[in-house]
Enquirer: 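Sharing a structure with you now.
Model, not experiment: these values are computed from the prediction. Quick note: residue numbers are just sequence positions, from 1.
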Amino acid sequence: QVHLVESGGGLVQAGDSLRLSCAASVRTLGTYAMGWFRQAPGKEREFVAAFSRSGDSSKLVDSVQGRFTISRDNANTMYLQMNSLKPEDTAIYYCAAANPWRAGRGSFLQGRSDYDYWGQGTQVTVSS
């Protein structure tokens, strides 16, 4: 069982930056593929970014390329650095972890059903 806790959300203006953190209750590097998703009001939860199990590979959705960066430490914390925020980035941001059998060490997962553990989410609101 993996317990995930997100933090770092808030209310900012367009163009500002935020850094989200996701702290896991266990060491995740090398074992769990990790991902960030977001859900805007009235919309489906969508993929934002992901790390492979090995931590060597990462992927960002096209809409945040060049503005967001995903990173992780050597233990149990993953980050989402969000720059040049736009009002359309407003959403609840969730981190997620996938059990080791879901993917190879170098693969990253983009589907909601690929992940087994979810945090409670952190609200990001970007005003225009």
Side-chain angles (χ1 to χ4, degrees):
Q1 188 76 12
V2 180
H3 183 56
L4 303 171
V5 179
E6 304 96 336
S7 61
L11 171 62
V12 297
Q13 293 186 333
D16 286 350
S17 298
L18 281 173
R19 189 174 84 152
L20 305 183
S21 299
C22 171
S25 58
V26 299
R27 178 183 173 87
T28 56
L29 185 63
T31 303
Y32 297 91
M34 303 290 293
W36 285 101
F37 287 74
R38 66 185 180 185
Q39 187 166 17
K43 294 189 176 181
E44 295 287 319
R45 191 172 300 188
E46 65 174 3
F47 169 78
V48 177
F51 261 117
S52 62
R53 281 173 53 203
S54 66
D56 294 335
S57 300
S58 63
K59 181 175 177 64
L60 294 164
V61 70
D62 289 348
S63 60
V64 306
Q65 284 277 1
R67 300 188 298 121
F68 290 13
T69 304
I70 186 173
S71 62
R72 64 193 302 176
D73 65 13
N74 290 327
N76 64 340
T77 304
M78 180 175 65
Y79 304 96
L80 186 66
Q81 177 67 43
M82 306 186 296
N83 299 328
S84 302
L85 282 161
K86 304 176 180 180
E88 51 263 44
D89 295 318
T90 295
I92 300 174
Y93 283 71
Y94 298 90
C95 70
N99 281 316
W101 58 83
R102 295 283 191 185
R105 284 183 57 82
S107 301
F108 36 74
L109 304 170
Q110 301 180 59
R112 288 179 298 167
S113 60
D114 293 330
Y115 289 87
D116 300 287
Y117 309 102
W118 293 84
Q120 83 289 349
T122 186
Q123 177 71 48
V124 172
T125 303
V126 185
S127 64
S128 58

Enquirer: What residues form a salt bridge (charged side-chain N to carboxylate O under 4.0 Å, His left out) with Arg112, not counting sequence neighbours?
Expert: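 By the salt bridge (charged side-chain N to carboxylate O under 4.0 Å, His left out) rule, Arg112 matches Glu44.
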
Enquirer: Do side-chain atoms of Thr122 reach the backbone of Ser7 as a donor and acceptor pair under 3.5 angstrom?
Expert: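 Side chain of Thr122 to backbone of Ser7, a donor-acceptor pair under 3.5 Å: no, none is there.
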
Enquirer: Step by step, work out the side chain to side chain contact (heavy atoms under 4.5 Å, CB included) result for Val5 and His3.
Expert: CA-CA 7 Å; Val5 179; His3 183 56; 3.6 Å; yes

Enquirer: Which atom names give the shortest non-hydrogen contact between Leu109 and Ala103, and what distance separates them?
Expert: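 Between these two residues, the closest heavy atoms are CD2-CB, 3.6 Å.
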
Enquirer: Which donor-acceptor pairs under 3.5 Å do the side chains of residues 8-23 make with protein atoms, sequence neighbours left out?
Expert:
residue : atom : partner : partner atom : Å
Asp16   : OD2  : Gln13   : N            : 3.1
Ser17   : OG   : Asn83   : OD1          : 2.9

Enquirer: Would you please test Gln81 and Ser71 for side chain to side chain contact (heavy atoms under 4.5 Å, CB included) and show each step?
Expert: CA-CA 8 Å; Gln81 177 67 43; Ser71 62; over 6 Å; no

Enquirer: Tell me, please, which residues at least two apart from Ser25 pass side chain to side chain donor-acceptor pair (under 3.5 Å).
Expert: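 Side chain to side chain donor-acceptor pair (under 3.5 Å) list for Ser25, sorted by chain: empty.
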
Enquirer: How close do Val124 and Met82 get, counting heavy atoms only, and between which atoms?
Expert: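 So the two residues come closest at CG2-CE, 3.8 Å.
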
Enquirer: Would the distance check show the side chain of Gln65 and the main-chain N or O of Leu60 forming a donor-acceptor pair, the cut-off being under 3.5 Å?
Expert: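 Between the backbone of Leu60 and the side chain of Gln65 there is a qualifying donor-acceptor contact (under 3.5 Å).
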
Enquirer: What disulfide (SG to SG under 2.5 Å) pairs are there with at least one residue in residues 98-128, not counting sequence neighbours?
Expert: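 Not a single pair qualifies under disulfide (SG to SG under 2.5 Å).
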
Enquirer: Could you go through Phe51 and Leu29, starting from their C-alpha distance and side-chain angles, then the distance that decides it, and tell me whether this counts as side chain to side chain contact (heavy atoms under 4.5 Å, CB included)?
Expert: CA-CA 9 Å; Phe51 261 117; Leu29 185 63; over 6 Å; no

Enquirer: Can you name the side-chain contact (heavy atoms from CB on, under 4.5 Å) partners of Asp73, sequence neighbours left out?
Expert: Ala75, Asn76, Thr77, Tyr79

Enquirer: Once rounded to the nearest 0.5 Å, what's the spacing between atom CD1 of Ile92 and atom CD of Gln120?
Expert: 10.0 Å

Enquirer: Using every non-hydrogen atom in the two residues, find where Met34 and Leu4 come nearest and quote the distance to one decimal.
Expert: CE-CD2, 4.1 Å

Enquirer: With clusters defined by side-chain heavy atoms of hydrophobic residues (ILVMFWY) lying less than 4.5 Å apart, directly or transitively, does Tyr117 cluster with Phe108?
Expert: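 Unlinked, Phe108 and Tyr117 end up in two clusters.
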
Enquirer: I'd like to check the side chain to side chain donor-acceptor pair (under 3.5 Å) partners of Thr125; sequence neighbours left out, ordered by chain and number.
Expert: Gln123

Enquirer: Scan residues 31-41 for pairs that pass side chain to side chain donor-acceptor pair (under 3.5 Å), counting only residues two or more places apart or in two chains.
Expert: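 Counting only pairs at least two positions apart or across chains, the side chain to side chain donor-acceptor pair (under 3.5 Å) contacts touching residues 31-41 are Arg38-Glu46, Arg38-Asp89, Arg38-Tyr93, Gln39-Arg45.
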
Enquirer: Who are the salt bridge (charged side-chain N to carboxylate O under 4.0 Å, His left out) partners of Arg102, not counting sequence neighbours?
Expert: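 For Arg102 the salt bridge (charged side-chain N to carboxylate O under 4.0 Å, His left out) partners, ignoring immediate neighbours, are Asp116.
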
Enquirer: Going by the disulfide (SG to SG under 2.5 Å) test, which pairs reach into residues 23-79, not counting sequence neighbours?
Expert: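 Pairs touching residues 23-79 that pass the test: none.
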
Enquirer: What is the distance from atom CD of Glu88 to atom OG1 of Thr90, rounded to the nearest 0.5 Å?
Expert: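 Answer rounded to 0.5 Å: 8.5 Å.
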
Enquirer: Tell me the disulfide (SG to SG under 2.5 Å) pairs involving residues 34-80, sequence neighbours left out?
Expert: none

Enquirer: Report the C-alpha separation of Phe68 and Leu85 in whole Å, then their side-chain angles, then the decisive distance to 0.1 Å, and conclude whether the side chain to side chain contact (heavy atoms under 4.5 Å, CB included) test is met.
Expert: CA-CA 9 Å; Phe68 290 13; Leu85 282 161; 3.9 Å; yes

Enquirer: With Phe37, which residues qualify under ring pair (Phe, Tyr, Trp, His ring centres under 6.0 Å), at least two apart?
Expert: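 Phe37 satisfies ring pair (Phe, Tyr, Trp, His ring centres under 6.0 Å) with Phe47, Tyr115, Trp118 only.
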
Enquirer: Do Met78 and Thr28 come within less than 4.5 Å of each other through their side chains, counting heavy atoms only?
Expert: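 No, side chains not in contact.
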
Enquirer: Applying side chain to side chain donor-acceptor pair (under 3.5 Å), which residue pairs with at least one partner in residues 48-64 are found, sequence neighbours left out?
Expert: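 Side chain to side chain donor-acceptor pair (under 3.5 Å) check on residues 48-64 returns Ser52-Ser54.
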
